[in-house]
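Keep in mind it's a predicted model, so treat the numbers as computed, not measured. In each ligand, atom 1 is the first atom listed, and ligand 1 is the first ligand listed. Values reported hereafter were calculated over all heavy atoms of this structure, with side chains retained and with hydrogens, waters and symmetry mates removed.
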Amino acid sequence: MGIRTGQQYIEAIKSRQPEVWLGGRRVTDVYNEPVFQQPIKEIAKLYDLQHDPDYQDRITHVCEETGERVNNAFLNPTSKDDLKARSELFEVYARATFGLMGRTPDFLNVVVTGMASNSWFLDKYNPDWSKNIRNYYRYIRDNDLFLTHAIINPQNDRSKASYEQEDMFTHLGVVEEKPEGLVVRGAKMLATLAPITDEVIIYSFPGFQPGDERYALAFAVPIDTPGLRLLCREQMQDGKRSYFDHPLASRYEEMDAVLAFNDVVVPWDRVFLYNNVEAANLLYPKTGIAQQPAHQSGVRGYVKLAFAVEVTCRLADSIGVDNFLNVQTDLGELVQSVEVIRSLLRVAEYEYETTETGEVRPAAAPLETIRGMLPTMYPRAIEVMQTIGAGGLLMSPTGNDFANTELRGDLDKYYAGRAGVSAEDRVRLFKLAWDLCGEAFGQRLLQYERYYTGDPIRKRAIFYNQYKRKATFSMVDDALDGAAELLKNDDKKIERTVN
Ligand SMILES: Cc1cc2nc3c(=O)[nH]c(=O)nc-3n(C[C@H](O)[C@H](O)[C@H](O)COP(=O)(O)OP(=O)(O)OC[C@H]3O[C@@H](n4cnc5c(N)ncnc54)[C@H](O)[C@@H]3O)c2cc1C
Ligand SMILES: Nc1c(O)cccc1C(=O)O
């Protein structure tokens with residue numbers, strides 16, 4: 001099959017019945033549920049880009065194995081050009097959603113591609129596991145599927161291991177083995193876009209200890225697998241808000257869900273590892289699924305930050321404040337933060353590394369630096385947007401107000417921006433900003449940037465410890481040695497008398 005169209009993606013959504021709960025009720029028709037309608041259309045647009053002559057060669061390639069055209073997320077990069085092809089895909093998809101949809105299909109398709117092209121490390125534990133992930137990779141590639149993932153245990157008692165929780169199946173674990181597969185029970189968070197995806201893959205961060213065996217697992221199942229319950233968070237827009245009043249929240253609401261597995265049977269051919277703490281801890285370091293997905297999320301985060309900075313600059317211009325030094329200094333800082341991320345991406349792609357199997361991976365340090373900086377850079381951009389927008393962010397009549405001929409005169413007079421910026425233009429721009437810096441929708445986007453790739457606090461500590469393990473501190477020694485050399489040859493007394 002190869003690349004899907006948007007309509008084929010939509011037909012797939014219509015064809016299944018995942019157990020989705022939203023606002024206390026069971027969603028029986030995901031496609032027609034208001035909160036999902038526009039996000040489904042936005043994802044469908046990404047699939048249609050694969051058939052657009054202006055984009056097809058930039059974001060897809062012809063698979064050597066099948067001769068079919070497939071998305072570049074399924075490319076196992078073996079050259080710098082392959083990394084550029086991936087980067088191109090990530091940026092085209094990110095720009096199509098202004099970087100506001102973090103878990104577009106490319107993200108997890110890159111994860112599974114990395115797992116499959118490095119499945120050799122599973123052979124020593126269980127050759128079936130490496131065969132299964134390679135077969136799964138082919139399955140999602142050739143059917144162009146859209147995955148969600150949940151790799152974090154629900155936030156219960158973080159001071160305790162999974163087996164120490166009140167109920168040993170609070171966190172997802174293996175209940176028993178059956179001839180038809182593994183029976184799993186418990187929850188995982190936070191599966192973004194789960195209700196409108198085809199499949200879910202479960203895996204974990206490293207960090208398992210002896211005693212965690214039943215929780216050390218990785219597998220994938222269709223999103224409508226019996227016993228899998230999707231518990232959605234409160235929706236941040238009901239799908240009925242106007243594009244005028246909420247130009248972003250009305251289109252890019254990325255639903256998050258806790259996944260509750262109630263004795264779900266995972267067929268053996270969908271099990272990628274289980275009951276093995278060592279294998280689970282090695283999954284990340286051995287398959288490169290820290291770096292390759294971080295390339296996608298780095299490009300996406302760059303686009304999102306650049307978008308927020310553009311909105312802030314236009315806001316300042318629209319009310320004539322970007323001539324003031326304080327505003328220019330803040331805006332200059334934001335533009336430089338975009339340049340930092342853009343430069344780190346180029347360095348990561350330029351200083352790529354090649355693995356023993358010939359896979360080309362973007363350099364890890366620049367990507368980890370992006371992961372560490374976006375959680376502060378993006379909130380900073382939002383803060384500057386808030387301080388420049390100030391009260392103007394609440395000078396926000398609705399589209400219906402503008403449509404009311406009795407009010408229109410006042411609105412045109414009292415809501416205009418600087419010369420050349422009409423009232424409607426200014427209000428529309430400020431509403432765009434408010435979706436990012438005021439609405440619950442925007443606060444989620446901010447929280448996403450902080451936590452989408454784990455806890456930035458601990459990730460930065462891990463980054464420092466990796467640095468310390470590799471650093472030679474040679475400049476320190478050179479400096480000390482140089483001074484010591486001078487001291488040795490110095491005919492003056494060491495204790496210099498104070499003149
Ligand atoms: C909008 C959004 C979308 C997301 N989408 C996904 C997704 O699609 N798939 C997915 O798998 N995950 C997703 N996540 C979850 C994300 O991976 C987690 O939020 C992240 O890993 C941090 O875990 P936590 O939120 O449970 O915070 P916790 O780990 O509970 O941390 C809470 C606080 O306690 C501190 N803390 C906790 N434990 C320790 C410790 N041992 N040592 C020191 N400090 C500690 C942390 O520093 C933090 O300040 C998403 C998160 C958000 C916000
Ligand atoms: N994908 C991730 C996620 O969803 C949460 C935390 C970390 C990651 C990751 O890929 O590093």
Aromatic ring pairing [X]/[Y], orientation class (parallel under 30°, perpendicular over 60°, tilted between):
X    : Y    : answer
Y125 : W129 : parallel
Y215 : H171 : perpendicular
Y136 : F272 : tilted
H149 : F107 : tilted

Please list, in number order, the atoms of ligand 1 under 4.0 Å from a heavy atom of [X].
X    : value
D455 : 46 (C), 47 (O)
D256 : 3 (C)
I152 : 11 (O), 12 (N), 17 (O), 21 (O)
G454 : 20 (C), 21 (O)
A150 : 11 (O)

Kindly identify the option in D157, L190, L445 whose heavy atom sits closest to atom 6 (C) of ligand 1.
->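 The residue whose heavy atom sits nearest atom 6 (C) of ligand 1 is L190.
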Nearest heavy atom to atom 1 (C) of ligand 1 wins, so pick from F205, Y448, Y203.
->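 Checking each option, the heavy atom nearest atom 1 (C) of ligand 1 is found in Y448.
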Determine, for D48 against K45, whether the closest basic-nitrogen to carboxylate-oxygen distance falls under 4.0 angstrom.
->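 Salt bridge between D48 and K45, a charged N being under 4.0 Å from a carboxylate O: no.
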Would you mind checking if E359 and R361 are paired as a salt bridge, meaning a charged N to carboxylate O distance below 4.0 Å?
->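 The answer is yes: the pair qualifies as a salt bridge.
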N/O separation below 3.5 Å, [X] to ligand 1:
X    : result
R103 : yes
A191 : no
T192 : yes
R444 : no
I151 : yes

For ligand 1, is any non-hydrogen atom under 4.0 Å from [X]'s backbone (N, CA, C, O), its side chain (CB onward), both, or neither?
X    : value
E254 : neither
M189 : both
Q447 : both
T148 : neither

Can you list, pair by pair, the side-chain donor-acceptor contacts under 3.5 Å of residues 260-267, counting residues two or more places apart and other chains?
unit_1, atom_1, unit_2, atom_2, d
D263, OD1, R185, NE, 2.5
D263, OD1, R185, NH2, 3.2
D263, OD2, R185, NH2, 3.1

Measure from NZ or CZ of R95 to the centre of the six-membered ring of F307 and say whether it is under 6.0 Å with the direction within 45° of the ring axis.
->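 Not satisfied by the 6.0 Å and 45° rule.
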Cation-pi check, K304 onto F98 ring (under 6.0 Å, within 45° of axis) =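 No - K304 does not lie over the ring of F98 by the 6.0 Å and 45° rule.
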Hey, could you give me each pair passing ring pair (Phe, Tyr, Trp, His ring centres under 6.0 Å) that has a residue in residues 9-42? Not counting sequence neighbours.
->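 Residue pairs with at least one partner in residues 9-42: Y9-Y47.
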